[in-house]
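Note: hydrogens, waters and symmetry copies are ignored here, and every other heavy atom, side chains too, is used. Residues: numbered from 1 along the sequence shown. Since the model is a prediction, treat every value here as computed from it, not as a measurement.
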Amino acid sequence: MAKQHWKPGNMLYPVPAVMVSCGRIGETPNIITVAWAGTVCSDPAMLSVSIRPERYSYDIIRETGEFVVNLVTKDLVFAADYCGVKSGREVDKYREMKLTPLPSQKVSAPGIGESPVNIECKVVQTLPLGSHTMFVGEVVNVTVEDAYLNGSGKFELNDTGLVSYSHGEYFLLGEKLGKFGYSVQKKKN
């Protein structure tokens, strides 16, 4: 098997495509699309987003200490791309993309009403790492869309049409290949 060695770089794909909303009181809220986001702890629930210091949202999150992670679906992928390439310094992304600012329960930053999952976070740690600064946020509230609750009250996240980002491209999540623990599950006769 032939392989090549390349210079160090991020090749950890796919990653979730998420829109991070933030805002200062008295100002127009903003949305930034980030690919560098992930779970960092389950108890207490924490996640991270990494943002370049020159981005408009960077100072907002640094100053307010809060943000909302909004999951991206197939219906939101155009808005997600737009919010990743346009600056909130120049455009109201909620208005331009016809998105609804959703009042949050535990932070002042709004979520995105059209997203099936809004994860409210308060910054507990800021780590300057080079090109990006990582904001570690404790999850203080999660809002989910009622339409995806099944008859038992279980949230069917995988039915929402989630999108991932891989090496510059967006992909709709596809075929289920297994579930956690299926490799060691006892087979039924």
Side-chain angles (χ1 to χ4, degrees), residues 10 14-40 46-145 160-171:
N10 291 325
V15 294
V18 299
M19 293 190 286
V20 175
S21 49
C22 56
R24 295 183 189 104
I25 294 173
E27 294 183 11
T28 301
N30 193 46
I31 304 166
I32 181 174
T33 301
V34 299
W36 309 138
T39 299
V40 295
M46 287 194 248
L47 57 78
S48 68
V49 294
S50 293
I51 301 172
R52 289 179 179 271
E54 60 269 17
R55 297 296 298 264
Y56 179 63
S57 295
Y58 174 86
D59 283 332
I60 297 171
I61 294 170
R62 186 179 52 78
E63 291 169 18
T64 63
E66 57 187 36
F67 57 91
V68 180
V69 173
N70 305 275
L71 299 189
V72 173
T73 63
K74 180 180 179 182
D75 292 340
L76 288 171
V77 73
F78 183 86
D81 186 67
Y82 181 90
C83 291
V85 297
K86 291 299 229 177
S87 174
R89 287 184 185 97
E90 300 154 5
V91 66
D92 178 342
K93 297 177 190 180
Y94 277 97
R95 188 184 70 218
E96 291 298 315
M97 290 292 99
K98 297 177 176 50
L99 297 172
T100 308
L102 178 72
S104 294
Q105 299 298 304
K106 304 283 185 178
V107 299
S108 60
I112 298 171
E114 291 74 13
S115 174
V117 179
N118 317 96
I119 307 166
E120 299 173 30
C121 298
K122 290 195 177 186
V123 175
V124 295
Q125 193 168 11
T126 302
L127 300 166
L129 299 170
S131 64
H132 289 69
T133 293
M134 178 188 288
F135 294 98
V136 178
E138 182 173 355
V139 176
V140 294
N141 190 60
V142 177
T143 302
V144 298
E145 189 174 331
T160 63
L162 294 176
V163 170
S164 65
Y165 179 82
S166 183
H167 207 60
E169 299 175 308
Y170 304 98
F171 293 90

Looking at Lys93, is its backbone amide N or carbonyl O close enough to the side chain of Lys86 to form a donor-acceptor pair, meaning the two atoms are under 3.5 Å apart?
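Not at all, since once roles are kept as given, no pair shorter than 3.5 Å links the two residues.
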Sequence neighbours left out, cut at 3.5 Å: what donor-acceptor pairs do the side chains of residues 98-111 make with other protein atoms?
{"from": "Thr100", "atom 1": "OG1", "to": "Glu114", "atom 2": "OE2", "distance (Å)": "2.6"}
{"from": "Ser104", "atom 1": "OG", "to": "Ala109", "atom 2": "O", "distance (Å)": "2.5"}
{"from": "Ser108", "atom 1": "OG", "to": "Glu66", "atom 2": "OE2", "distance (Å)": "2.3"}

Rounded at 0.5 Å granularity, tell me how far [atom1] in [X] sits from [atom2] in [Y].
| X | Y | atom1 | atom2 | value |
| --- | --- | --- | --- | --- |
| Arg62 | Ile51 | CZ | CD1 | 12.0 Å |
| Cys83 | Asn30 | SG | CG | 7.5 Å |
| Asp92 | Glu27 | CG | CD | 12.0 Å |
| Trp36 | His132 | CH2 | NE2 | 7.0 Å |

What pair of heavy atoms forms the shortest contact from [X] to [Y], and how long is it?
| X | Y | result |
| --- | --- | --- |
| Pro128 | Thr133 | CA-OG1, 3.7 Å |
| Ser87 | Tyr56 | OG-CB, 4.1 Å |
| Val15 | Ala35 | CG2-O, 3.3 Å |
| Glu138 | Met46 | CA-CG, 3.8 Å |
| Thr33 | Gly84 | OG1-N, 3.4 Å |
| Val139 | Cys121 | CG2-SG, 4.2 Å |

Verdict with reasoning, Arg24 to Asp59, per side-chain contact (heavy atoms from CB on, under 4.5 Å):
CA-CA 10 Å; Arg24 295 183 189 104; Asp59 283 332; 3.6 Å; yes
In residues 68-81, what donor-acceptor pairs under 3.5 Å come from side-chain atoms, sequence neighbours left out?
{"from": "Asn70", "atom 1": "OD1", "to": "Ile112", "atom 2": "N", "distance (Å)": "2.9"}
{"from": "Asn70", "atom 1": "OD1", "to": "Asn118", "atom 2": "ND2", "distance (Å)": "2.8"}
{"from": "Asn70", "atom 1": "ND2", "to": "Met19", "atom 2": "O", "distance (Å)": "3.0"}
{"from": "Asn70", "atom 1": "ND2", "to": "Ser21", "atom 2": "OG", "distance (Å)": "3.0"}
{"from": "Asn70", "atom 1": "ND2", "to": "Val68", "atom 2": "O", "distance (Å)": "3.2"}
{"from": "Thr73", "atom 1": "OG1", "to": "Asp75", "atom 2": "N", "distance (Å)": "3.4"}
{"from": "Asp81", "atom 1": "OD1", "to": "Tyr170", "atom 2": "OH", "distance (Å)": "2.8"}

Any chance you could lay out the side-chain contact (heavy atoms from CB on, under 4.5 Å) test for Val20 and Ile61, step after step, and finish with the verdict?
CA-CA 10 Å; Val20 175; Ile61 294 170; 4.1 Å; yes
Around atom CD1 of Ile25, are there more than 12 heavy atoms from other residues, nucleotides or ligands closer than 6.0 Å?
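Check fails, neighbour count at 12 or below.
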The test is side-chain contact (heavy atoms from CB on, under 4.5 Å); show your working for Glu120 and Thr143 and say whether it passes.
CA-CA 8 Å; Glu120 299 173 30; Thr143 302; 4.0 Å; yes
With Tyr58 via ring pair (Phe, Tyr, Trp, His ring centres under 6.0 Å) - residues at least two apart:
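Scan of Tyr58 (ring pair (Phe, Tyr, Trp, His ring centres under 6.0 Å), adjacent residues dropped) gives Phe135.
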Evaluate the criterion side-chain contact (heavy atoms from CB on, under 4.5 Å) for residue pair Phe67 and Leu47; output intermediate values, then yes/no.
CA-CA 11 Å; Phe67 57 91; Leu47 57 78; 3.7 Å; yes
